[in-house]
**Student:** 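Right, I'll just put the structure down here and ask away after.
For clarity, every value in this text was computed on a predicted model and none was experimentally measured.
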Amino acid sequence: MIKINNLSKSYCNKPALINASMSLAPGKIIGLLGPNGSGKTTLLRILTGELRADSGNITIDGEPLSTNTKARISGLTNTDFMPQGMTIDQAAATYELFFPDFDRSQFHSLLADMDLAESLQISSLSKGMKSQFALALAISRRARLIVLDEPLDGVDPVAREEILDLIAKGFREESTILVTSHLIHEMERLLDEVYFIREGEVQAMGDVETIRESKNISLDELYREVYRK
Amino acid sequence: MYKFQDGIPIYTQISGELKSRVISGQIKPGDKLPSVREIAEEFSVNPNTVQRVFMELEKDGFTYSERGVGTFLKEDGNMVAQLQQQEAEKIRTRFISEAKKLGLSLDEILKDLANHWEQGGTQE
């Protein structure tokens, strides 16, 4: 279990995250949904170690977050920072050097499903293809936690479907996938559990099927209901 | 991509779709069902949701699973008829309540149905 306890973070006195708590069980795809600027990325960057929280703590299977636990967390890599002349195959081989938990055979099969040729140069990839490539890399690691920050952002509706498929396919029992999005409706079919976030405050909403069953509403509607003034 | 209705559990909708495939003969008694992964991919949903579909189908007596082999539709001669009847009941309930909302009488409805039975049903 990954426990996030009362995490707070401010930028120059402006609170970005206020006492956020979450609990992430393995074998689940968990959504952190809310509008742009609500604190989603801040929370993920604390998880991946790119930012430090002002207060609160995170434990991964009982161990506090540290350089030790960092290896158990996978995130999206911006492919613009990779050598643009490399082919997908070469870039994957390099990625594997950094991350020994990389499952190359899964990566190959995900790429094949998307009809993305491994001989393509990174510089020749469209924006949608780059998103798919980065996502395939991130979810092919046998990591304890895979964080995906806005994987649907800037991607056209057709490619969005492919990205959702990719997440469903690459998902494995021993990992937790934590995915953020402001596109609540599109994410809905993929999620086991959901948290809402607004102005830095995180609210646990629980099991998504239970929400549909007990309230007969979609997540979109629930979001509006929760934050109606 | 498969279109789900809002506000209804996804596992209910997938199990409904699988049942309608049994009624239409796409899945036959004794057939092995596709794996959880395959169905998850087909509907672009989380494999956990499909796991729940399989649990419900087994609990309701439609399927049985063999460890390491897969899940099979039972060899039950009555199953198709039974599913058909369940589906017919749902359509009837909805139909009657909609017709009553419109203020139609049973006589009017029967006449209307008789008039349109032959050419009807092709739309949709």
Side-chain angles (χ1 to χ4, degrees), chain A residues 25-31 106 109-110 112-114 139 151-152 157-179 184-194 206-225, chain B residues 1-21 32-60 62-63 65-71 86-87 89-91 93-95 97-98 101:
Chain A
K28 289 189 186 285
I29 304 181
I30 299 172
Q106 169 170 312
S109 94
L110 291 177
D113 285 337
M114 292 183 296
I139 59 175
L152 301 180
V158 178
R160 270 181 204 165
E161 283 180 20
E162 286 180 356
I163 289 201
L164 293 178
D165 283 347
L166 193 60
I167 298 173
K169 263 182 223 164
F171 167 65
R172 49 176 103 222
E173 292 282 294
E174 62 272 24
S175 306
T176 305
I177 294 184
L178 177 61
V179 55
I184 298 176
H185 187 71
E186 280 84 348
M187 258 359 278
E188 174 158 1
R189 60 169 66 202
L190 200 64
L191 303 175
D192 284 304
E193 284 177 24
V194 70
D207 181 78
V208 178
E209 289 284 52
T210 309
I211 293 170
R212 281 188 282 264
E213 198 151 40
S214 60
K215 302 189 175 238
N216 294 319
I217 56 176
S218 66
L219 287 184
D220 251 340
E221 292 167 306
L222 181 65
Y223 191 89
R224 268 173 270 148
E225 195 179 287
Chain B
M1 189 151 66
Y2 190 82
K3 201 111 184 80
F4 289 107
Q5 276 175 274
D6 278 351
I8 300 172
I10 285 177
Y11 78 91
T12 319
Q13 298 186 57
I14 295 177
S15 91
E17 171 62 27
L18 293 178
K19 284 175 187 169
S20 79
R21 286 181 194 177
K32 182 172 181 278
L33 295 184
S35 70
V36 168
R37 285 265 161 194
E38 285 164 337
I39 295 178
E41 278 174 36
E42 181 188 345
F43 292 94
S44 303
V45 296
N46 186 320
N48 292 331
T49 310
V50 181
Q51 199 61 57
R52 190 153 168 190
V53 172
F54 276 35
M55 269 167 48
E56 297 283 325
L57 289 175
E58 189 159 338
K59 201 183 77 196
D60 294 342
F62 294 112
T63 59
S65 55
E66 273 185 43
R67 249 197 124 76
V69 187
T71 297
Q86 280 177 11
E87 207 45 42
E89 276 166 23
K90 272 189 236 161
I91 293 171
T93 311
R94 208 181 321 141
F95 179 77
S97 92
E98 292 293 319
K101 265 190 237 164

**Student:** Return the CG to CD distance between B:Asn48 and A:Glu173, rounded to the nearest 0.5 Å.
**Tutor:**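 One finds 6.5 Å between CG of B:Asn48 and CD of A:Glu173.
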**Student:** Please check if atom NZ in A:Lys215 has more than 12 non-hydrogen atoms from other residues, nucleotides or ligands closer than 6.0 Å.
**Tutor:**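 No, because the 6.0 Å sphere around NZ of A:Lys215 holds 12 heavy atoms or fewer from other groups.
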**Student:** If I take atom OG from residue B:Ser44 and atom CD1 from residue A:Ile163, how far apart are they, to the nearest 0.5 angstrom?
**Tutor:**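 So the gap between those two atoms works out to 12.5 Å.
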**Student:** Identify which part of A:Leu191 has an atom lying under 4.5 Å from any heavy atom of chain B, answering side chain, backbone, both or neither.
**Tutor:**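 Just the backbone, heavy atoms under 4.5 Å.
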**Student:** Measure distances from B:Ile10 to the heavy atoms of chain A and classify the residue's part below 4.5 Å as side chain, backbone, both or neither.
**Tutor:**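 Backbone plus side chain of B:Ile10, per the 4.5 Å heavy-atom cut-off to chain A.
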**Student:** B:Tyr11 versus A:Glu213: any side-chain heavy-atom pair under 4.5 Å?
**Tutor:**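 A side-chain contact under 4.5 Å exists here.
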**Student:** Rounded at 0.5 Å granularity, tell me how far CG in B:Asn46 sits from CG in A:Leu164.
**Tutor:**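 Reported value, rounded in 0.5 Å steps: 11.5 Å.
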**Student:** Where on A:Ile217 is there a heavy atom nearer than 4.5 Å to chain B: the side chain, the backbone, both, or neither?
**Tutor:**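 Contact with chain B involves the backbone of A:Ile217 alone.
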**Student:** Is there a donor-acceptor contact under 3.5 Å from the side chain of B:Arg37 to the main chain of A:Lys169?
**Tutor:**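 The answer is yes, because a donor-acceptor pair under 3.5 Å joins these two groups.
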**Student:** Nearest 0.5 Å, what's the CZ-OG1 distance between A:Arg189 and B:Thr49?
**Tutor:**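 So the gap between those two atoms works out to 10.5 Å.
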**Student:** Which atom names give the shortest non-hydrogen contact between B:Pro47 and A:Ala168, and what distance separates them?
**Tutor:**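 Answer, listing the atom of B:Pro47 first, then A:Ala168: CG-O, 3.9 Å.
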